[in-house]
Amino acid sequence: MRWSNLFVPTLRDAPGDAEAPSHKLLLRGGFARQLHSGHYSMLPLGWRVHQKISEIIRLHMDAMGAQEFHLPAMHPARIWKQSGRWDVMGDEMFRLQDRKGSDLALGMTHEEVFATHGVEISSYKDLPQQWYQIQLKFRDEPRPKSGLLRVREFYMKDAYSFDIDEAGLDKSFDAYHDAYVQIFKHLSLPAVPVEASSGAMGGSGSNEFMVPSDAGEDDVVMCADCGYAANVERATSALAEVSDDAPPAAPEIFDTPDVRTIKALAEFDGGAAADRQIKTMVMVADDEVVLALVRGDHGLNEQKLSDGLRSATLRPASADEAQKALGALPGSLGAVGVDGIRIVADLALQGRTNMTTGANIDDKHYRGVDLARDVAVTEWLDLRTVTAGEPCVNCGTALEIIRCIEAGHIFKLGRKYAEAMGMSVLDENGDKRVPIMGSYGIGVGRAMAAIIETHHDDNGVIWPVAVAPFEVSVILVSLRDDAAVAAGEDLYTQLRQRGIDVVLDDRDARAGVKFADTELTGIPWRITVGPKGVAAGMVELTSRATGETVEVALADVVDQVAATIEAARIPDGADPIYR
RNA sequence: CGGGCUGUGGCGCAGCUUGGCUAGCGCACCUGCUUUGGGAGCAGGGGGUCGUGAGUUCGAAUCUCACCAGCCCGACCA
């Protein structure tokens with residue numbers, strides 16, 4: 001490709017509303033442009049990167065025996081109604097009607113469609129199956145943000161496994177886990193597999209592949225010592241034992257005028273330290289009022305509560321709803337003596353006694369509360385949010401909390417969708433069995449943004465060779481020197497013949513402009529062809545990553561660059577894969 | 001959904017408080033000359049009607065209201 005023919009609208013200044021480094025560089029480097037909130041156009045350079053990422057994912061999927069499909073992005077409402085998710089997905093699903101008034105949806109995921117086709121699998125002999133596609137997903141995100149990191153329309157590689165039994169699913173899951181490790185190595189993304197909540201999709205085992213980055217949206221609890229890593233929505237920690245004094249025979253009520261918060265009660269004369277209080281939160285899970293109890297100094301993790309309750313939706317109750325349920329306004333709420341409402345309590349409260357909590361009478365609290373004696377806990381669950389510095393459950397080391405980008409997610413789905421869509425096979429005994437599914441996703445555009453987040457400097461992107469829009473740029477320093485131009489053209493031709501992805505910067509522009517654009521767009525290698533050098537039979541070779549420049553003989557540079565690039569196409573530590 | 005902020009040529013911004021000539025500046029763009037290894041210099045030039053609509057006024061980018069769009073924070077601590 002000749003740069004003079006390319007459309008690469010680089011910008012000296014990033015648009016003011018771009019915040020994340022990847023967002024700024026995607027715009028500045030001429031990779032992408034926003035059409036409207038959450039929808040980006042990929043410009044030629046960006047699309048080249050996107051395609052290379054897709055191709056790497058495809059390579060590894062194919063290598064593990066998965067088969068590529070291409071499914072419709074637009075779905076009939078029928079299949080979503082059949083799985084029950086037409087209602088569950090709520091506002092996050094784009095919906096429309098055709099001219100006949102039929103309800104349609106833009107696919108936000110493809111369990112239903114794949115399972116629909118899975119109906120044609122009829123024998124255990126045809127299992128397992130590994131199916132995947134790279135397809136657009138549409139999600140009506142409440143808040144698109146950070147360039148390509150959170151958008152409403154994006155390419156995702158989604159794969160689905162079908163197995164006859166749990167043992168098979170475990171094997172499939174492990175195979176994807178291994179493939180994902182390889183894919184992220186191949187993409188030079190430092191993705192860490194962490195334990196995760198399986199959320200609204202349902203299912204059991206679940207791992208996310210997390211790339212540490214300030215631009216991320218997930219908090220991951222990590223132990224630097226033993227390697228424990230889990231999403232805060234799932235993470236646990238060890239807590240110091242707390243010993244309580246014996247409680248009185250019955251809870252004592254006392255006046256707490258204007259005390260509305262844990263902090264105020266801790267400071268109140270006759271109150272209690274935060275870790276001696278029970279925090280009572282009124283939540284609404286799928287229209288049912290539920291009380292969630294955690295220790296006063298702990299935070300409720302809504303995802304944990306939602307997972308524990310197996311609810312599709314969860315929200316805090318309004319003050320009105322709280323008053324209706326318990327008779328008092330927030331600030332004086334408690335679960336003592338509450339009957340007829342589901343009460344879930346955090347494990348850290350188990351066995352605690354002599355605690356203080358709201359009395360369900362405005363401006364009054366109880367002290368001397370014994371959880372086992374005074375509160376009719378329906379279920380004990382892990383509900384609290386782990387905070388930094390708490391001891392690791394495995395080794396006791398202080399845990400860290402690290403902001404991450406979720407680059408991939410794999411999980412065991414179970415039989416829900418296979419069953420709903422009517423899948424079944426006959427086993428070796430001739431008995432009908434519903435296959436068990438797994439689901440495995442990687443966001444392509446998000447991976448691209450994550451690579452930029454982890455590979456850039458003040459001058460622009462530093463693409464790993466494997467995904468770079470071009471592997472090397474040959475820069476003609478001056479178009480007025482015939483010998484130098486001829487030498488550059490010759491290098492360009494030779495490199496193309498060697499199968500190197502090369503761009504010839506033949507623009508009639510100053511050298512500084514070309515250098516800056518090559519750096520901004522992150523091309524890993526630069527060959528500078530200038531009149532003086534060519535006269536002496538030399539060119540310069542510059543590494544984008546290190547900035548290092550060496551002089552190389554014109555006659556040797558093609559061999560040297562080609563060898564370097566060919567070696568770098570698969571990063572150190574990644575397995576070479578052949579189709 | 002709640003809170004904060006912003007919409008002025010392709011990009012970055014000023015002007016708005018204290019309404020008033022043809023709405024400015026930098027970058028980019030076009031022409032010419034010079035320059036030519038780190039985002040060139042000089043000269044000339046093109047492009048915006050100020051997010052949209054209504055209102056106030058002799059007069060609105062500027063004041064008022066509504067709407068639309070975009071960005072950031074939060075989505076929970078009883």
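Numbered from 1 within each chain, the chains take letters A, B, ... in sequence-line order.
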Checklist line | Minimum heavy-atom distance between Pro257(A) and Asp255(A), given as atom pair plus value | finding: CD-C, 3.5 Å
Checklist line | For G26(B), the Watson-Crick or wobble partner whose two distances fall under 3.5 Å | finding: C11(B)
Notebook entry, point to check: In terms of side-chain heavy atoms, does His409(A) have a donor or acceptor partner in Ser206(A) at a distance below 3.5 Å?
Noted result: yes
Checklist line | Distance in angstrom units between Asp508(A) CG and A40(B) C1', rounded | finding: 13 Å
Next item on the list: Say whether Ser37(A) and Arg143(A), considering side chains only, have a donor N or O and an acceptor N or O under 3.5 Å apart.
Entry: no
Next item on the list: Give Arg28(A) one of three labels, base, sugar-phosphate or nothing, depending on what nucleic acid heavy atoms sit under 4.0 Å from its own.
Entry: base
Check: Taking a pair as Watson-Crick or G-U wobble with both distances under 3.5 Å, which nucleotide is matched to A66(B)?
Finding: U52(B)
Checklist line | Greater than 12 external heavy atoms within 6.0 Å of Gln97(A)'s CD | finding: yes
Check: Once you round it to whole Å, what is the distance between C1' of G10(B) and CG of Leu43(A)?
Finding: 13 Å
Note to self: How close do Val259(A) and Phe268(A) get, counting heavy atoms only, and between which atoms?
What the structure shows: CG2-CD1, 3.6 Å
Check: Between Leu520(A) (CG) and C27(B) (P), how many Å, whole number?
Finding: 19 Å
Item checked: Where protein sits on nucleotides 71-78 of chain B, one letter per nucleotide: B base, S sugar-phosphate only, - none, heavy atoms under 4.0 Å -> SBB-BBBB
Next item on the list: Please state how far atom CZ in Arg150(A) lies from atom C1' in G70(B), giving the value in whole angstrom units.
Entry: 18 Å
Notebook entry, point to check: Taking the same atom, C1', in G20(B) and in G59(B), what whole-Å distance lies between them?
Noted result: 7 Å
Next item on the list: Could you check how far CG of Leu11(A) sits from P of A28(B), rounded to whole Å?
Entry: 12 Å
Margin query: Could you tell me the Watson-Crick or G-U partner of C16(B), where both distances fall under 3.5 Å? Say none if there is no partner.
Written below: none
Next item on the list: Can you check whether any acceptor in the base of G38(B) is under 3.5 Å from a donor in the side chain of Glu519(A), or vice versa?
Entry: yes
Checklist line | Atom pair distance, as rounded to whole Å: NZ in Lys514(A) and P in A40(B) | finding: 12 Å
Checklist line | C71(B) pairs with, by Watson-Crick or G-U criteria that keep both distances under 3.5 Å | finding: G4(B)
Margin query: Between G48(B) and C11(B), how many Å separate the two C1' atoms, rounded to a whole number?
Written below: 14 Å
Next item on the list: Confirm from the modelled atom types if Arg480(A) and U36(B) form a donor-acceptor pair under 3.5 Å, side chain to base only.
Entry: yes
Next item on the list: With P as the reference atom in both, quote the distance from U52(B) to U34(B) in angstrom, rounded to an integer.
Entry: 45 Å
Check: Taking atom P in both A61(B) and U49(B), what distance in whole Å separates the two?
Finding: 12 Å
Next item on the list: Would you state whether a donor and an acceptor, one from the side chain of Arg510(A) and one from the base of G41(B), lie under 3.5 Å apart?
Entry: no
Item checked: Separation between the P atoms of G53(B) and C21(B), rounded to whole Å -> 22 Å
Next item on the list: Round to the nearest Å and state the distance from Leu476(A) atom CG to U36(B) atom C1'.
Entry: 14 Å
Note to self: Could you tell me how far C33(B) sits from C71(B) if I compare only their C1' atoms? Round to whole Å.
What the structure shows: 45 Å
Check: Which nucleotide, in any strand shown, forms a Watson-Crick or G-U wobble pair with U36(B), with both distances under 3.5 Å?
Finding: none
Margin query: Let's go through Met283(A) and Arg315(A) carefully: what are the C-alpha distance in whole Å and the side-chain angles of both, what is the deciding distance for side chain to side chain contact (heavy atoms under 4.5 Å, CB included) to 0.1 Å, and is it a yes or a no?
Written below: CA-CA 6 Å; Met283(A) 307 295 292; Arg315(A) 62 174 175 85; 5.9 Å; no
Check: If you measure from the C1' atom in G70(B) to the same atom in C29(B), how many Å do you get, rounded?
Finding: 26 Å
Next item on the list: Please report, rounded to the nearest Å, how far the P atom of G39(B) is from the CZ atom of Arg526(A).
Entry: 13 Å
Check: Around Asp244(A), counting heavy atoms of other residues, nucleotides and ligands shown, do more than 12 lie under 6.0 Å from its CG?
Finding: yes
Next item on the list: Determine which nucleotide pairs with A60(B), using a 3.5 Å limit on both distances of a Watson-Crick or G-U wobble pair.
Entry: none
Note to self: Categorize Gly358(A) for me: base, sugar-phosphate, or nothing, with a 4.0 angstrom heavy-atom threshold over every strand shown.
What the structure shows: nothing
Next item on the list: Between C27(B) and A23(B), how far apart are the P atoms? Round to whole Å, please.
Entry: 22 Å
Notebook entry, point to check: If you look at every strand shown and take non-hydrogen atoms under 4.0 Å, does Arg33(A) touch a base, only sugar-phosphate, or nothing?
Noted result: nothing
Next item on the list: Compute both the distance and the angle, then confirm whether Arg526(A) meets the cation-pi test with Phe515(A): under 6.0 Å from the six-membered ring centre, within 45 degrees of the axis.
Entry: yes
Next item on the list: Could you point out which residue of Thr521(A), Thr518(A), Asp457(A) forms a side-chain hydrogen bond (donor to acceptor under 3.5 Å, both in side chains) with Arg544(A)?
Entry: Asp457(A)
